[in-house]
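The structure appears below as structure tokens.
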Amino acid sequence: MTEISRDEIARVLDEIALLLEVRGENPFKTRAYRQGAEIVRDHDADIVALARDNELDGIKGIGKALQEKIHELVTTGKLEFHRKLRDDYPDGFFELFEIEGLGPKKVGALHRELGLDSIDALRKACDDGSVADLSGFGKKTASKLLEAIQRREHFAERYRLDESAAAAEAILDALAGHPATLLARSAGSLRRSRETIGDLDFIAATSQPKELTAFFAGAPFASEVIVHGDTKCSIRLDNGQQADLRAVSMEQFPFALQYFTGSKEHNVALRSRALRQGLSLNEYGFTASDGSAGTAIPEVEDERGIYKALGLDFIPPELRENRGEIEAADSGELPEPIHWENLRGTFHNHTTASDGHASLEEMATAARDLGLCYLGIADHSKASFQANGLDEERLAAQVEAIRGWNREHGDGLWLFAGTEVDILKDGSLDFSDDTLATLDYCVASIHSSFTLDEKEMTRRLVRAMENEHVTMIGHLTGRILLRRDAYAVNHEKLIDCAAETRTIIELNCNPKRFDMDWRWWRRARDKGVLCSINPDAHRPGQLQFLRLGASVAAKGWLRRRDVLNTRGLDEVKEYLDTPKARR
DNA sequence: GCCGTTTTCGGCCCGACTGTTTTCAGTCG
């Protein structure tokens, strides 16, 4: 039996929560399953192994019942409780939840009353009027459901971080330009630097909320108005992405900003903490939780003040995922924040020699203009023929050109000669050790045979890490966000191996990738693994991805000292000159 | 189903908006 994965356990728990909800079970029970799923996804240690060995005791949020169910799932590959719940529903039933406007109650009614079991069946039922006749539904609901079905076909539900950031900046500019706006900020998952973004969230301080929501609803970037009230307005942009505005007073602004930045889990934890201090916290402010006049309500001027009132250090938005940040803020142990200005150079970049769109000189100039002190060139190796990978001869010529640049311009920007060498199917490399020894450093990446199973893929990467010339592993899982899944790797083993072999793991901050995923960096850091933040730039402008990279690194709890490219040129030269085993 | 610095029982975050309703349920964030 192939072992069940962490994601699969979480998926089953989520599905149980959904099914219990449809059946109208105790909402707190469904929440317990949903939280269980989150905990399984986020847990630091190898939770599958713990479950197999019945050692789940002491994980907060996983009580006796969930422990037993997860154990059953891992050891038998099935969960009887889940099967029984699921048996009543066909596979297509679950896709109904993907339709905007349909929650557990409505899906339950559609299935119970009309026997609907797929989006296709729902479309037909909306068309023939049977949905509109259902109690609790109506003509308007039916037509909204039809629109939502169409929209789902046309647009992805999530968007890239860089594209979302650009859209948000334009909207913020428009909001800031309105005379009724006192302050405007974006919030939500964008502010938390998640790898992909759902809706865009905006908070504006104003004394004329109605004017502002009306402006938002009528703005040129609003291709459709979804909801429009006195203080809240949701619109859809041309690309299908939803944008929400909340208009609040100046006094409410920090609370609204905090609240709508989330994450939901972070906020729930923060609210429980407030309650223990006799305070109720919502998006408008603090109140006495028992309504009494005796409780002192803290004065708050900005978001920082909210955390201060709760006895916490300020928690940067990136860390607000309820993964231990509140405890760390309580004990003064939050990581020192890493900023993009701390980055002095970067290592994984391409030129026209392989599949880049700019010459060595153009890339170097862009790096210097960005204020970097050094730039590593790592073009593809020959096995990546689709990317015009370099053979030994062309590589040697490029190395010579780089040395030449340094002789001429080395006082302004230093170039490192490297390669992004292919890790072949068996874990060997596309260049010999002798060839690699002529370079300053080496990024090793997988670009082929994506379908190997987890064991083989992990072994392949381990073998690459064991090579003394491999400085760092590029895009560890090969994922292309919103398009291609990560290949199967055992992160725990690879992190351990990177620590042992002194191999750096790249944080590929090309917004298509953000790979390795931010959820693993804290563990890597604690094992002593060094990170390099690399844009995988194929054009000069893509060096700017370093800004996003620093935010994602902060999200992964990385500190400056955990990141190679926060070091100055001399330190980096010394690092690369030191044999790997002694680094 | 989970949890415990008021608790091993009795709580568990909460407000805006919409549509279908005559006072509220459902969804969303």
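Chain naming here is simple, since letters A, B, ... match the order of the sequence lines and numbering starts at 1 in each.
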Does the side chain of A:D7 come under 3.5 Å of the side chain of A:S5 through a donor N or O and an acceptor N or O? no
Protein and nucleotides 6-11 of chain B: nitrogen or oxygen contacts under 3.5 angstrom:
none

P atom, B:dT6 versus B:dC2: distance in rounded Å? 23 Å
Can you find a side chain N or O atom of A:Y284 that sits less than 4.0 Å from OP1 or OP2 on B:dA16? yes
May I ask you to say what A:L66 touches in the nucleic acid, namely base, sugar-phosphate or nothing, with a heavy-atom cut-off under 4.0 Å? sugar-phosphate
Is A:S234 touching bases, backbone alone, or none of the nucleic acid, heavy atoms closer than 4.0 Å? nothing
A:F286-A:F255 aromatic ring centre distance below 6.0 Å: yes
Carefully, step by step, assess A:T196 and A:R158 under the rule side chain to side chain donor-acceptor pair (under 3.5 Å). CA-CA 6 Å; A:T196 62; A:R158 297 196 73 82; 2.7 Å; yes
Test salt bridge (charged side-chain N to carboxylate O under 4.0 Å, His left out), reference A:K555, set A:E321, A:E318, A:E325, output is A:E321
Please verify the inter-ring angle class for A:H111 with A:Y89; under 30° counts as parallel, over 60° as perpendicular, anything in between as tilted. tilted
What does nucleotides 19-29 of chain B look like as a protein-contact string, B for base, S for sugar-phosphate only, - for none, at under 4.0 angstrom between heavy atoms? SSS----SSSB
Taking the same atom, P, in B:dT20 and in B:dT27, what whole-Å distance lies between them? 13 Å
Selection from B:dC3, B:dC14, B:dC17 that lies nearest to any side-chain heavy atom of A:K60: B:dC3
Between B:dC17 and B:dT8, how far apart are the P atoms? Round to whole Å, please. 41 Å
Now, which nucleotide makes the Watson-Crick or G-U wobble pair with B:dT8, with each of the two distances under 3.5 Å? none
